[in-house]
Amino acid sequence: MSNNDRRRFLKLAAVTLTAPAAIAAMTRDARAQDLPHQDEADPTASALGYKHDTTKVDDKKFPNHKPDQMCAGCNLALGKAGDAWLPCTIFPGKAVNAKGWCSAWVKKAAKPA
Ligand code: SF4
């Protein structure tokens with residue numbers, strides 16, 4: 001195998017190995033932005049006290065709520081940092097506001113180093 005053949009093979013291998021991950025990431029991001037927004041009045045959302053804006057949470061009804069707790073910092077939120085709307089494992093098929101909150105909030109775990 002010549003040096004040119006080796007280079008061509010390595011380029012092809014790099015594209016073949018990275019393309020599926022890039023396509024999957026693009027598809028995941030597109031899906032997250034296409035999801036309908038969670039309705040605050042939905043029975044499950046209402047029972048969990050979900051609000052699009054964490055400052056609108058009824059603190060008397062949910063005394064464990066803290067104003068700095070938001071969906072963006074919740075371990076149950078999916079999607080990527082900086083997105084305004086995020087998929088949430090509690091509300092499949094819907095997107096929650098990054099500045100929202102519900103009583104299932106769990107502090108986002110630190111990523112392993
Ligand atoms: Fe937001 Fe977390 Fe509640 Fe989902 S579980 S709505 S991400 S606070």
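Each ligand, and each atom within it, is numbered from 1 in the order the structure gives.
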Does [X] reach the main-chain N or O of [Y] with its side chain, forming a donor-acceptor pair under 3.5 Å?
X   : Y   : answer
E40 : H52 : yes
T54 : K99 : no
D83 : W85 : no

Point to revise | atom 1 (Fe) of ligand 1 to nearest N/O/S of C71 below 2.8 Å | key: yes

Taking only heavy atoms of [X], which atoms of ligand 1 are found under 4.0 Å from at least one of them?
X    : result
I90  : 5 (S)
L76  : 5 (S)
C88  : 4 (Fe), 5 (S), 6 (S), 7 (S)
W105 : 8 (S)

Point to revise | Per atom 3 (Fe) of ligand 1, closest listed option by heavy atom (A95, S103, C102, A98) | key: C102

Check your understanding: Can you tell me which residue and heavy atom of the protein come closest to atom 2 (Fe) of ligand 1, and the distance to 0.1 Å?
Key ->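 So the nearest neighbour among protein heavy atoms is C74 SG, 2.3 Å.
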
Point to revise | Parallel, tilted or perpendicular, as decided by the 30° and 60° cut-offs, for the rings of H65 and W101 | key: perpendicular

Check your understanding: Do L48 and W105 touch side chain to side chain, with heavy atoms closer than 4.5 Å?
Key ->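 Counting from C-beta outward, L48 and W105 never come under 4.5 Å.
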
Study note, to complete from the structure: Between the CG atom in D53 and the CE atom in M70, the distance rounded to the nearest 0.5 Å is 8.0 Å

